[in-house]
Structures are given as structure tokens and as C-alpha cells.
Amino acid sequence: MALILDIYARVSRLGDDRQRSTGGQVEDCEARIVERGAQVGEVHIDSGRSAWNPRVKRPDWERLMSRLEAGVTGGVVVFDMARFSRRPIEGERLILAAERGLVVLDSEGEYDLTTANGRKTFRDQLNAAAYESDRLSTRVKRGKRVKATRGEPNHSWRPFGFEQDGVTVRESEAVVLREMVARVLAGENQDHIVVDLNQRRVTTSTGGQWSRESLKQLVLRARYVGQVVHNGVVVGHLPGEPILDSETWDRLNTLFASRRRGRPLSDVYLCSGLVYCAHCGHRLTGRPRTSHSPYPDGEVRRQYWCQPRAVRGGCGRITVDQRELDRHVGALVVRILADPRHAKAVEAAAKATEGKRRPLRAELTECEHLAEELSGRLGRREITLKRYDVAMAPLDKRIAELRAELDGLDSVSTAGTDATVEAASREEWTARWNAATVAERRNLIRQALTNRRIVIAPAVRSAGRPKFDPKRIVIEEERHAQ
Ligand SMILES: [Zn+2]
């Protein structure tokens, strides 16, 4: 029997970090439940009653707790922990009920309350929420807002990169900050950066050691682009030149916004950006289809589609199942690569320009990865279309530039080279394909296709259950207009 999970949402209050309609919250939670292959139980919505005032009765919360305690539901998905409870005592009640193995999820993560570690994380979250609400009584809040508007920091501690006043730049730290940001953007492993800072005895503003989390919080602080933010809203600007320019800031935000837990999405969509719409010529990209029934193994169904967008969008008319297409393209690529004529030409050409191509391809892979993650987030409604388009515009531009450069190299490289390459057999190519990572497979697809491309034709409507039709995969000569 499938796991049943309830949903807990609240009408959002003014000043919430994430203003979100209750309907939107519920939709997000439902998507998470479907992703896990569980069933939606009851949906509880509290209409804006204070989560931390002990005198306020919250009937839906009580109802949810009794369902959890009676074992009627296997757990709860909460849109935001701070909405669930700001009183640790309520959290303890949940932990007590959870000894049977309740699942508690919020939009950031999952708490396994049967383990000590899960309980600790959960308690930390609740404590943080309780601390926030204690601190932010209305009067304090008003005072803070006034201070914030004047550019004064609202913390007793000094922000890294600034003097105690929070306005004057401390140049020695600003240098370190710019270095860190440059390294993060260059794709350096953040754990390396953290270790390096600690080894160099560069401390945080409070004299502590760096962690991955403190690094992230640091580089995403709006104060470094001169913005004074209070409750998620820009309420003022700092005088003078900001430590970081706004373009760098946008890139950082795009980078972190695109990161999420678990397997990177781009590892799922083998053919994303490599196959084209037969109607309009756009590249197809991947998206999950939580509204469709999952694959037989319980994973969420996915497809490629010609994604319409406000800027440079596709026609939206072509969709094709991800698993079927990946499987057929894999077989097709092996067939082409194992053909001695192709193998020879392709390997020789690849060798000749590989040196020039490699850095371009690495950057392209990174850009495509980001684009993919962003479109995944849009698909899961984690970001709005507007925000998506803002983040995508510079990325689209760079991807187009890189592709043009790579295309240029490809067309040069097919002209004669003297490298002789042994053609591998179909079995050898199959083995190579099977052992390859998704990134390597994408390169194999490009190799097999040199100067040609895969176009996905529309599905022919037929009676009965729709079945994947391999004839929809068409190879055609590349048009260099793109
Ligand atoms: Zn199209």
C-alpha cells in the first residue's frame, strides 16, 4: 500500500520571506508527494492564525496532529517549517508521534524523525523559527526597518567585509570576498575553498572557521552589491561603490538558485539541447511530468518538449517521452559509431580539434547544466516564469556563443586529417556507451552526429494506448542558419 502523506499549508502573512498563495503551497507539496510515489492524504490549511502565539487555537493543526498520532497518515509535507510551528513544544509532540517512522518533509529537505540526526535537524529548524519570532516582535521590527532603511546593520555582529557600522568597507576582507566569489563562479569545489580559507587562517567576521554554509550565506549577501534588504525587500542602498558588481551578483544567484539536492537534473536528460523540434527547429529540453502516471519503477515520468518562453521560446507542440527517446538515441548512436566509415571520419576529426574544443565544451556543459536546472525548477514551480527568464537571458546568450564557436571548429575539423583510427565493433561501442557518464554520452552523440542533427517529428495519433514510434527520430543535415 502506498504511503499516505498529509499537507500542511498556511495563509501567508505580510512580511513572510516567501509570499506564496495557499493554492501554490498545496500544489508544491502535492508535487513532492507524487515525486516520492506516495498518495496525498488530507490537506490542512490554517487561515493565518499565529503559529507561535500559544493562546491561539489552530483547529487544522490539531486535526493533523491527531491524524499523525493515530497513524492514519504516514507523515506530513509542510510548505515551510516556520509555518508549521514556531513553538518547540509542538515540534516535540511531533517527534514523540514520529517514533513509528513518520515522514516530515518541507520544501528544503526531509526529516527522518526516527534517527537522532533527523531529530536534531528538525529541532534546529524549529528552534531557528522560534528564535526568529521571539526576536521580531512588531516594535522591534519597526525599529529594525528604520535602521535598515538608513543602511545600518540589524545585527550585533559585524558583517564580513565591512567595519562595525556595516557601511564602511574593510578592504582587507573585501579582497578575500572578491577572491572567494571569483573562485565559486569559476566552478571551484566549495569545500576546497572552505579548506583553503581555514588553512590560510582567514576567519569569519566573528573570528570563526568557515563552513560550506557560511560561505554560501556570505557570497549571497545583498549588502555586497550595496543593497539594504529587510524582510526580503530592498529598502535602501549603501553609499559608495559596492564590493561586488551587479552582474557578478546575478551570476552568483543563478548558480546557487540552480543547485538542489540529489541527482542533478542534467544527468537525467541525456538528449536535452541535442534534439530539435520538427515544427519550429528549437532545441527540446527536459521536464518532469508529475501530473502523469509515474514510470513502472515509480520514478516520475519525464519528457522532452519544445518549451515556449517569453524570450526565444519554442512552439510547445512537440513532446516526447524521455526514457524512450534516450534508449533509441543510444542505440542509434552506437549503430552510427560502429559503422567503420563514420568511426574513421569522426574519431579523426575529433582528435584534430579536441584541444581547442575541450574548454569550450566544458563551459557549454556547465551552462547547459544551469539552464536545465532552472527549467526543472520552473517545471516544479519553484521559480516564476519572470524570474526564470531573467536568469536565462545571459545564459542563453552564452550558450549560443559557445555553440557557434564549437560548430565552427566542427566544420573545420571534418576537412582531411591523417589520423587513422581503428573502427571499434558494435559490441565495443555498446560497452563504451554503457560505461559512459551522461556527459560522455552527450559527447558521443555529438561525435556520431557531426554536421547532422536529430529532429523529433510529431507523434501520429493512433487508436489505443500511445506507443513510442522510433520513426519520429529523424536525422537530417545540419542547417548552419542556427
Ligand atoms: Zn517547436
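Because only heavy atoms are used, hydrogens play no part in the values below, and waters and symmetry mates are left out as well, while side chains stay in. Order of listing sets the numbers, starting from 1, for every ligand and every atom in it. Just so it is clear, the model here is predicted, and its values are computed rather than measured.
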Is the shortest side-chain N to carboxylate O distance from R323 to D297 below 4.0 Å?
-> yes
Quick one: angle C306 SG - the Zn ion (ligand 1) - C280 SG, to the nearest 10°?
->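 Seen from the Zn ion (ligand 1), SG and SG are separated by roughly 100°.
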Angle subtended at the Zn ion (ligand 1) by SG of C277 and SG of C315, to 10 degrees?
-> 110°
Under 2.8 Å: N/O/S of H279 next to the Zn ion (ligand 1) |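 For H279, the answer is no, given that no N, O or S atom comes within less than 2.8 Å of the Zn ion (ligand 1).
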Is the Zn ion (ligand 1) under 2.8 Å from any N, O or S atom of H282?
->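 Checking H282: none of its N, O or S atoms is under 2.8 Å.
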Atom pair CZ/OH of R301 and Y295 - distance to nearest 0.5 Å = 5.5 Å
Would you say V300 and P294 make side-chain contact, with heavy atoms under 4.5 Å?
->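 A side-chain contact is absent here, since even the closest heavy-atom pair is not under 4.5 Å.
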What is the minimum heavy-atom distance between I33 and D6, and which atoms define it?
->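 Taking every non-hydrogen atom into account, CD1-O, 4.4 Å.
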